[in-house]
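Here is the structure we will look at, set down as structure tokens.
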Amino acid sequence: MSYLEYAVKSTPSGFRKFLYMNWPLTLLLISAASAGFLMLYSVAGGSWMPWAEPQMERFGLGLAVMFIVALVPIWFWRNMSVLAYIISILLLVYVELFGTVGMGAQRWIDLKFMRLQPSELMKVTLVMLLAAYYDWLPSHKTSKPLWVTIPVLLILIPTFMVLRQPDLGTSILLLAAGGGLMFLAGVHWAYFAAVIAAGIGLVSAVFNSRGTDWQLLKDYQFRRIDTFLDPSTDPLGAGYHITQSKIALGSGGWNGRGFMQGTQSRLNFLPEKHTDFIFTTLAEEFGFVGGITLLLLYGLILVFCMVTALSTKDRFSSLVTLGIALNFFLFFAVNMSMVMGLAPVVGVPLPMVSYGGSAMLVLMAAFGIVQSAHIHRPR
Amino acid sequence: MKPRKPKSQGLAYKRLPRRALVLGGLQAAFIGGLAARMRFMQVEQADQYRLLAEENRINIRLIPPKRGQIYDRNGQIIGQNSPSYRIVVVPEDAGDLDKVIGKLSELIPLNGDEIERARTEIRRSAPFLPVTLADQVTWEDISKVAVNAPALPGVTPEVGLTRQYPRYEDFAHVVGYVGPVSDYDLSQIEDPEPVLRIPRFQIGKVGLEAKQETSLRGKAGAKRVEVNATGRVMRELDRREGQAGSDLQLSVDADLQQYAQARLEGESAAAVVIDCETGDIRAISSAPSFDPNLFVRGISVADYRALTQDKYRPLANKTVQGTYPPGSTFKMITAMAALEAGVIGPSNTVYCPGHLKVGSRRFHCWKRGGHGTVDLQLSLKRSCDVYYYDVALRTGIDKISDMARIFGLGVKHDIPMSAVAAGLAPNQEWKQRVHGQDWLVGDTANASIGQGFMLASPLQLAVMTARIATGRAVSPRLVRSVNGIEQPSGAGEPLDVNPYNLEQVRKAMFTVSNDRRGTAYRSRIIADDFRMAGKTGTSQVRNITKAERAAGVIRNADLPWERRDHALFVSFAPYDNPKYAVAVVVEHGGGGSTAAAPVARDIMLQALYDGTPPLEAYPVADRERIKEQQKKLEGDRRPKARPDEKDRA
């Protein structure tokens, strides 16, 4: 039986597709988003405006996008991968030239109804392209230097473009997601060992470059690293965010200060409390129990993505699902590490919970692809 | 769409689940790490972080305590807290600040400096903190602002408490005044209370207000408020009321004080009235005086300059701060020292030829021709100087100095007023120590008549007189009760002197103002129950040169004011049962009998009758003049509230 025949026969069609969706994943996403609405309601001082309501509308839109993407067969998305990647690169070029400047970086394209961050889109399209690449590449070539160089370049091009915006956080995420995908695809261990060694070399180079003409990072990026390493050196300046965030989180205790009772967020001690630091508010108001619950929710989302990835025999489906799951993991892992003082403040939102349109939409579209892989998996 | 073969074969595909599991395992481990970190922060370190969060949000705000009020002995108010109105603006509510200030200046007069200061304050402080635009605003202006409130967004009238002294000049030197805490004040205090850092908080600067600061101030209360990150108060959590300052009741009688102040007007003078039984200071006035309310508000440069450049020195408190050679009023001490030393007896006599040769120098009696044969009584009555030169030289300065100290001269009395002077009762040791010179017999002669090094304040003279009158170590008491709790009386123990000797001195003092030939006979009291004993004094502020003496001593009236003699008078009455002791010093007033004694007599009568005395108490010849004077002083007494003050209330 040819693949097409096999696939067409074994995949559901029409409205039956809904029945074959990865419903646990859908429900988990809705739960995580709902936790977000609740927190946005809370940080607005018990009001649906200005954050919770727009966020719900966007999530509705995101769900619709997810369903639409899910209903389209996965092989269509595989075939679209190259195009999607090229479009993302072009958008990155566009923001480089015409983008809206915000928060000291050039990141957005203003689409009137929302602001699109091409770097967000890039995270997904990079994963798609790499998955498609390894789907296409005969497996015995996977670890050949030439065939390793190509995906490395595919990763590095957008990484450097994002770094130029400058957005250190996203570029690191791109690098990590791309590298992770190559690892999943079965590239030889030795390459990773080499890259890690080179990475350590680069980090020391970066630190040594400080204050010289060839300084590799912006001053504010160095300062963020400084305050990360020792927030107490500047408790009212740059270290303020980390210090206040840790206070909020720690003061939550076992079961929290109670819904809308978090003093740190309610009294504005917490910076960016509706976006990057929303987890702190949650941890402050619902305590360890609340924080662990959200972490568990995220863990389950990863588990169900893994289920999809391992239950399909299609290589693209597996890779793209695992890549998206990895992206999702990196999102919340970096964000949580940051608010807990384990990582420097890099400006990565908490997926599904932080207020913000384009990240949410892109993420929902990505989960649409996961759903599509699940529905259209060859059985 | 191109069909394709599922790539289900090969090593790479087999590797996928394995690598997926490795990556999944790494992710799980990281999630576990996050959970552990969260547990560490939220469970193990929760208390520590909770404390930090509380420190963030909770602010302690002080509630300034109500300052204790000051009353006179009869409960008349002397220092009170009265409402003061000010106009404040909250910048964030005002919107266009310039427009609002412009509108406000059309309604009420605004001080340009104050507006400038307000603008600087607005630039520096948070926009929700009120800033004062005008202080000490009249009620009328407040009403104008209140009526126009809709046109003045963010502008509100505010009421606060400020110190007010309804007795104006009368108590300026006693009570002093308060003022806002200055940086200098803070630097003077070790570990200042936080309440002192409240803007515009008033503390005592001078006088009783400063000396009794701790009991008048009270204890600040505190409220705990929740603030947000920018410091805005969100709500009050709880409050602990402070403790109002203690009310002080003075021993001073405000009416008598007012009389004394009015009686001294026009002179640079001081008068002290002491209750002989308790040491209570019934009146303690220094003239000229000033309005302490000016200082509370912040005195203008012009007003201040006028006060400092006045040659009568209105700012100096002459009652305790000013020291004068006591002159002949010191003779009682010399007499007591001689009597106690057994050098003379009351009836022993000294011949006064008008001068006494001490060493190579001639010491003159004030009476050129001399007094002839003089005993104790006559020596005081006629104020013979030679008698005292003689007995003093026989007694020795150290004994005189000790006697002065027994009667409270040269001793700093413990009274809560500013710059209380110790005066000076010199002895040999003192001169050696301070001047590095030997004590000379001439110094003794000078000291014997209260000249030379000898210095005493009017308060000390009053205390001395009270001690002579009672034979007890009367000590002055200014504060009668604190919060209704009576303070220890100043009645004192019997003095360590022979009561008989003291009796002789008193008798002699009686003749001063009751014997026809006494120096203060003209200022006697003729009411039988209230006979007064006293002693005049005229202390030189210049040396009379030989040439001057030869040319005939120049009359005081012909000298410039600064070089005229000080006039002094000390007295007590009634003679047989002393009630009050009065000391009066008129700076550069001329003779004690003419410049000081009448003043002391009038104040004494006012005290004895507790109000305007009947004319029958005065010598017949004086009654017409006294009647005029009483009428004038009645008229002089100021109304309780001045017209310009009334519209502030």
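Note that the coordinates shown come from a computational prediction; the quantities given were computed from them, not determined experimentally. Here is the naming used below: chain letters follow the sequence lines, and residue numbers restart at 1 for every chain.
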So for [X], is it side chain, backbone, both, or neither that comes closer than 4.5 Å to the heavy atoms of chain B?
X        : answer
A:Met340 : both
A:Leu326 : both
A:Phe329 : side chain
A:Ala248 : neither
A:Leu302 : side chain

For residues [X] and [Y], report the shortest heavy-atom separation together with the two atoms involved.
X        : Y        : answer
B:Ala20  : A:Leu310 : CB-CD2, 4.4 Å
B:Ala46  : A:Gly253 : CB-CA, 3.8 Å
A:Thr263 : B:Ala53  : OG1-CB, 4.3 Å
A:Gln264 : B:Asn56  : OE1-ND2, 2.8 Å

Any A:Leu322 side-chain heavy atom under 4.5 Å of B:Leu23 side chain: no
For B:Glu241, all residues meeting salt bridge (charged side-chain N to carboxylate O under 4.0 Å, His left out), sequence neighbours excluded: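 Listed in chain order: B:Arg239.
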Segment of B:Glu54 engaging chain A (4.5 angstrom heavy-atom cut-off):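 Looking at B:Glu54, just its side chain touches chain A.
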Chain A contact via B:Glu226 - which portion, at a heavy-atom distance below 4.5 Å: side chain
Not counting sequence neighbours, which residues clear side chain to side chain donor-acceptor pair (under 3.5 Å) with A:Ser81? List them please. none
Determine whether more than 12 heavy atoms belonging to other residues, nucleotides or ligands lie under 6.0 Å from atom CG of B:Asp183.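 No, not enclosed.
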Straight-line distance of [X] [atom1] to [Y] [atom2], nearest 0.5 Å:
X        : Y        : atom1 : atom2 : value
B:Arg19  : A:Leu319 : CZ    : CG    : 11.5 Å
A:Met336 : B:Phe30  : CE    : CZ    : 10.5 Å
B:Gln27  : A:Phe328 : CD    : CZ    : 10.5 Å

Suppose we screen for ring pair (Phe, Tyr, Trp, His ring centres under 6.0 Å). Which residues come up paired with A:Phe288, at least two apart in sequence or across chains? A:Trp254
Does the side chain to side chain contact (heavy atoms under 4.5 Å, CB included) test come out yes or no for A:Ile247 and B:Glu55, once each step is laid out? CA-CA 10 Å; A:Ile247 291 174; B:Glu55 276 176 16; over 6 Å; no
Could you name the residues of residues 32-42 of chain B that have a heavy atom within less than 4.5 Å of a heavy atom in chain A? B:Leu34, B:Ala35, B:Arg37, B:Met38, B:Arg39, B:Met41, B:Gln42
